[in-house]
Asks: 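The structure follows.
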Amino acid sequence: MSEEEIIWEVKRDSINKLVQSGKRIDGRAFDEQRPITITNNFIENAEGSTLVKIGNTAVLAGIKMDVMEPFPDTPEEGVLMTNAELVPMADPTYYAGPPTEDSIEFARVVDRGVRESKMIDVSKLCISPGEKVWAVMIDMHVLDYDGNLFDAGSLAAVNALWNARIPRYEEDKIVRGEWEDYLPLNDKPISNTFVKIAGKNLLDPLIDEERVMDARITMAVTEKDALCAAQKSGTGFYTKQDLDEMLDLSIAKSKQTRKLIKRE
Amino acid sequence: MGSNKKVDLIIDGKRTDGRSPEELRPIKIEVGVLHRADGSCLLDWGDNKVLAGVYGPRECFPKHEQDPLKARLRYRYNMAPFSVSDRKRPGPDRRSVEISKVSREALEKVLFLEYFPRTSIDIFVEVLQAGAGTRCAALTAASVALADAGIPMKSLVVACAAGKVNDTIVLDLNQMEDNYGQADLPLGIVMTTGEIALMQMDGNFSREEFNQAYELAMKGAREIYEKQKQALKQKYAAGELNE
Amino acid sequence: MAEEQEERNENEERVIVVPGEKVPSTVRGNAYRRNNETYSEVYGLMTKRGEFAKIVPLTGPYIPVEGDYVVGIVTDVKFGGCVVDINSPYTAFLPTKREYNYKDVVFAKVDKVDEVKNVVLFDEKKLFQGEVIDVSPVKVPRIIGKKNSMINLVKELTGCLIFVGRNGRIWIKGENYAKAAQAIRKIESEAHTSGLTERVTELLKH
């Protein structure tokens, strides 16, 4: 075990004890979220951008759009791509290099939440069938890591999409710096992440809670209270009872968090 | 620099963004904005938005890079995909690698690296929004982040550029001027001594023009230095109870 | 090591200094000399009383010094001793014949530090159970207080056993450890202010 891992092991014992007595390190209830702040249009030159802070975790999502050939099996639909960078300053364990399995999982889970909720009406992003469609590129830049990238990233991405506008397209060229309408959107999927520690499910984990967790689940819920994406990570196990409890809580919490999504 | 297109960048003594030739773009500096990093700085400069984060001194990995006499200094300049008009693919490109190198070299002898043998001091600068002069904004922010991390150094460092546009020497080029101007000279200065730690140049300067550009960049650097000091001092003075 | 003043003296001036700022020539630590002038090396708090001035950094790592007492965590057990993490860029070695395990917490003295900062500990005491928190090492003098006044206040009002390491690592044992940890974090974030004793007492009495 590395030195770092030993230090986390020391914390594991004390966090486990705390959870067993119904407490968390920062005094929150098991189903309580940390304070959330949202700054829309943080980056002026992007098609859309939002900075989200959940407690000390900060994720900046930027939306860029470009024109490209559609996928052969969906010739009249726009394209969605999601990428994430865990930049080294965000955490001492992040290092510069090719994407790690954590950053890839993060990007793909947020992508799934956006894509499966069908929040973007991709049929309206076609310029010329079979030839030219709009590509919407979500880039999440993690700036400060204190647990729960999934919810911070998802909230940033969804808000950024709601505030994004399509660039002006004239004579087969994108006019950078000028924008037309907002993206055609019709949902606000919300992601909820729980970690399992000492048999209990804790909403919105801190970094220390994530480091000592048995397992983690993220659930994305649409405006119609439907589950549109889910992901279990970690080597621990869940019971059906766990899942029911978390899904009910996700649906309830999403209603509150969804109010934070605004077009400014 | 220097596209062959002829563009009027100065009309009636006013530049494309309304500034006079000796004027800096607006700058805002915030210290200690990140929780994980040992030191950090968010710097807005014209259209630029850069975030610098510092870790260190910390144990140096990989072990074979440890220097028994001093700390290993590393500097990584990186542009976020959404920072520029046409999305930039993630990852270092040749330009970023070059900027990282000259920036690191600028700081190497300013920091008291010999106080921390076998460790590493890691500086990361992310360009969140680019608007010409990102390398100067990055180095200026990095200097503040290093102070915020408690790294001992001889002086704060400021980087500022001057250039030539429509045959006029101007301070702090904006995007248009960077694209269509005639010369660009970014300088990194050790403010306590006035020594030049970073210099790059492209375009065309006569001997005399070079002198003028140097003087103008130094003047700009002195103004920015005051803002750096102010930002650091205000973090503790204004509102004794922080966070 | 900084001696912390609880109350401001009439003649004392406190000012924030930045690296490279000119300071009085009476400053010794955290400053360098060039051409007969003295300059601060760090982002720090300078206290001036008449001619005399001293700089204390506002932030920074723990660099081991011989004679310091530190709280460490055993991260590797070797023949002849163990490797101890002391919340520093430098790891320490504790030569000992006693048996230790991974994750054991020890309170020890720094015996030797060589030119490349290899660190050797001795005179250790194993700390059983309890919780460990890490604070910024430069705040430790304030947490201890003048003649241990601040840390004794926390111990009395919480009934906890507390060992404060100069390395910013603090071991706390007792039912009220969460309250004690909260008080310590408060002192850490408000270290540069005055009237802190009153506010900490307030916090602990409720």
Side-chain angles (χ1 to χ4, degrees), chain B residues 31-32 37-40 54-61 66-72 110-112 114-121 143-158 190-193 225-226 228-243, chain C residues 14-23 29-35 37-46 55-64 75 83 85-91 113-119 136-139 168 185-186 188-196 199:
Chain B
V31 185
D38 294 321
S40 58
V54 170
Y55 281 106
R58 56 177 175 175
E59 203 175 338
C60 180
F61 290 115
Q66 275 185 20
D67 185 336
L69 299 176
K70 61 188 198 326
R72 173 82 56 193
V110 178
L111 309 182
F112 285 101
E114 64 275 19
Y115 288 179
F116 310 110
R118 295 192 297 122
T119 66
S120 71
I121 294 174
S143 175
V144 175
L146 285 163
D148 188 43
I151 312 276
M153 37 193 179
K154 299 198 178 78
S155 169
L156 291 172
V157 171
V158 172
V190 180
M191 294 315 290
T192 314
T193 59
Y225 184 40
E226 291 309 309
Q228 275 182 329
K229 288 191 281 191
Q230 209 175 45
L232 284 165
K233 290 179 194 247
Q234 258 167 22
K235 182 182 174 202
Y236 283 85
E240 290 209 298
L241 301 163
N242 269 320
E243 294 178 333
Chain C
R14 284 176 172 191
V15 66
I16 304 285
V17 293
V18 299
E21 190 168 333
K22 207 182 285 191
V23 295
N30 298 305
Y32 69 94
R33 289 190 59 84
R34 192 178 63 93
N35 296 342
E37 295 279 10
T38 308
Y39 302 89
S40 174
E41 281 179 354
V42 296
Y43 180 32
L45 182 65
M46 180 169 74
I55 297 176
V56 173
L58 288 164
T59 151
Y62 173 63
I63 305 297
T75 56
V83 177
D85 177 293
I86 51 171
N87 190 32
S88 168
Y90 300 104
T91 2
V113 179
D114 69 11
E115 318 79 53
V116 296
K117 307 247 194 277
N118 285 310
V119 183
S136 168
V138 300
K139 312 289 183 189
R185 290 247 175 258
K186 185 179 181 69
E188 181 192 14
S189 67
E190 296 172 27
H192 55 286
T193 64
S194 42
L196 192 49
R199 293 198 296 277

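Since this is a predicted model, take the numbers as computed values, not measurements. Side chains are part of it too, since the values below use all heavy atoms of this structure and drop only hydrogens, waters and symmetry mates.
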Asks: Roughly how far, to the nearest 0.5 Å, is the CD atom of C:Glu21 from the CG atom of B:Leu232?
Replies: 10.0 Å
Asks: Pick whichever of C:Val15, C:Thr91, C:Thr59 has the most heavy-atom pairs under 4.5 Å with chain B.
Replies: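 Of the options given, most contacts go to C:Thr59.
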Asks: Measuring from C:Ile16:CD1 to B:Lys235:NZ, what's the distance to the nearest 0.5 Å?
Replies: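 If we round to the nearest 0.5 Å, C:Ile16:CD1 and B:Lys235:NZ are 10.0 Å apart.
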Asks: Provide the closest heavy-atom pair for C:Val116 versus B:Arg118 in the form atom of the first, atom of the second, distance.
Replies: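 Shortest heavy-atom separation between C:Val116 and B:Arg118 comes out as O-NE, 2.7 Å.
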Asks: Based on non-hydrogen pairs under 4.5 Å, which of C:Gly44, C:Gly60, C:Pro89 is most in contact with chain B?
Replies: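 The candidate making the most pairs under 4.5 Å is C:Pro89.
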Asks: How long is the straight-line distance from OG1 of B:Thr119 back to CD1 of C:Ile63, given to the nearest 0.5 Å?
Replies: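 Reported to 0.5 Å precision, the distance equals 7.0 Å.
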Asks: Enter the distance from B:Glu59:CD to C:Asp85:CG here, rounded to the nearest 0.5 Å.
Replies: 8.5 Å
Asks: Return the minimal non-hydrogen interatomic distance between B:Lys154 and C:Tyr32, and the atom names on each side.
Replies: O-OH, 2.6 Å
Asks: By a 4.5 Å heavy-atom criterion (distance strictly below it), what part of C:Asn118 contacts chain B: side chain, backbone, both, or neither?
Replies: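 Both the backbone and the side chain of C:Asn118 come within 4.5 Å of chain B.
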Asks: Let me know if C:Ser88 has heavy atoms under 4.5 Å from chain B in its side chain, its backbone, both or neither.
Replies: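 For C:Ser88, neither part sits under 4.5 Å from chain B.
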Asks: Are the side chain of C:Tyr43 and the backbone N or O of B:Leu146 linked by a donor-acceptor pair below 3.5 Å?
Replies: no
Asks: Between chain B and each of C:Ser136, C:Pro61, C:Ser40, C:Ala31, count heavy-atom pairs under 4.5 Å; write down the option with the most.
Replies: C:Pro61
Asks: Which atom pair, heavy atoms only, marks the closest approach of C:Lys117 to B:Pro117?
Replies: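 Closest pair (atom of C:Lys117, atom of B:Pro117, distance): CG-CG, 3.7 Å.
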Asks: Under 4.5 Å from any heavy atom of chain C, what part of B:Ala149 do you find: side chain, backbone, both or neither?
Replies: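 The backbone, not the side chain.
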Asks: Counting neighbours of CD on B:Glu114 that are heavy atoms of other residues, nucleotides or ligands and sit closer than 6.0 Å, is the number greater than 12?
Replies: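 Yes, because the 6.0 Å sphere around CD of B:Glu114 holds more than 12 heavy atoms from other groups.
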Asks: Look at B:Val110, B:Val190, B:Thr193, B:Leu69 and state which one has the largest set of heavy-atom pairs under 4.5 Å with chain C.
Replies: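 Heavy-atom pair counts peak at B:Thr193.
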Asks: At a heavy-atom distance under 4.5 Å, which candidate from B:Met191, B:Lys229, B:Gln228, B:Met153 has the highest pair count against chain C?
Replies: B:Met153
Asks: In terms of heavy-atom pairs under 4.5 Å with chain C, which of B:Pro68, B:Ser120, B:Pro57 leads?
Replies: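 Highest number of pairs under 4.5 Å: B:Pro57.
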